[in-house]
Amino acid sequence: MDKLKEFLNFSFEITDTIHIDVKTVIFIIFVILITSFLLKLIQKLVYRKLNEEDKGKFKAIFTFLQYFVYVTVLIIALESSGIDVSVLLAGSAALLVGIGLGLQTLFQDIISGIFILLDKTLTVNDIVEVDGKVGKIIEIKLRTTRALTIDDKVLIIPNHKFLTQSLFNWTQNGVQTTEGVEVGVAYGSDVELVKNILVNVAKSHSKILKNPEPRVLFMDFGDSALQFKLLFNINNSYAHLQIKSDLRFEIDKKFRENNITIPFPQRDVHLIK
């Protein structure tokens, strides 16, 4: 018994004014274990009552709150054991400032992640454009969001980018989007024939919606071409590049069959001797 008391009272020095004995360490470990058990119990109880859409949000936010609870419990446990935590914090103030500056972006990502989850700025399967890159959202975490690009590469985006930069969400208003293909034809071309060819090419594509119907805009009288834009609707924006490519191939084919020329810029050069 005496040896047990001696072991429990054995202390080691952290600073000149702070000493921690074995029984304090055991007490802190016990408190952390109890806290961990209660947090898991709370998580399970709340998790059962949530629908599938809210479960991911709760899990991400709860993960962040866990760290805050653990730090708070640890400070309270140390204070309860007679250790002046303020002295320890004051002694490491410079270190904490350095860590705070280093973790500034991390906390910015976490806070941004919470806002994204709460206000539904993004959801899984949304198609977004960030920094000129397009991808389908496959996972939203507390610090980062993962998107799958059109060429099957995983794009990892820090969450703060969604709040500090312009974000194009192609599918937030629904899966149906309007896309376009631009083309120029030579002056003197039959513009009605050009319009009919463009509309029929779009109608014949299996992935282009029939309603609303494809339409053509006469955009401008360009320097060397009459500019047209074919507009059409699809319900899979992720495939827009392939669909546009298919249309361009077919438009080129139909223009050749109908002797419609796609001009290239021409310039007259005058040499002065």
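The first residue of the sequence shown is numbered 1, and numbering continues consecutively from there.
Without hydrogens or angle criteria, Ser245 side chain to Leu241 main chain gives no donor-acceptor distance under 3.5 Å. Checking side-chain atoms of Asn169 against main-chain N and O of Val128 turns up no donor-acceptor pair under 3.5 Å.
Between Tyr187 atom OH and Thr261 atom OG1 the span is 14.5 Å, to the nearest 0.5 Å.
Residue Lys210 qualifies as enclosed at atom NZ: its count of foreign heavy atoms under 6.0 Å is above 12. With a 6.0 Å radius and a threshold of 12 heavy atoms from other residues, nucleotides or ligands, Phe218 has its CZ atom above the threshold. The 12-atom threshold is exceeded at NZ of Lys244, counting heavy atoms of other residues, nucleotides or ligands nearer than 6.0 Å. The environment of CZ in Phe249 is sparse: at most 12 heavy-atom neighbours from other residues, nucleotides or ligands sit within 6.0 Å.
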Candidate pair Gln242 and Asp246, rule side chain to side chain donor-acceptor pair (under 3.5 Å), full reasoning
CA-CA 6 Å; Gln242 184 60 53; Asp246 294 341; 2.9 Å; yes
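When all heavy atoms of Ala147 and Ile157 are compared, the closest pair comes out as CB-CD1, 4.4 Å. Annotation for Gln227 and Gly184: closest pair OE1-CA, 4.0 Å, computed over non-hydrogen atoms. Taking all atoms of both residues into account, the shortest heavy-atom contact from Ile260 to Ser189 is CG2-OG, 4.2 Å.
Identified under the salt bridge (charged side-chain N to carboxylate O under 4.0 Å, His left out) test for residues 155-170, with sequence neighbours left out: Asp131-Lys161.
Ion pairing of Arg256 with Asp252 is present here, as a side-chain N (NZ or NE/NH1/NH2) and a carboxylate O approach within less than 4.0 Å.
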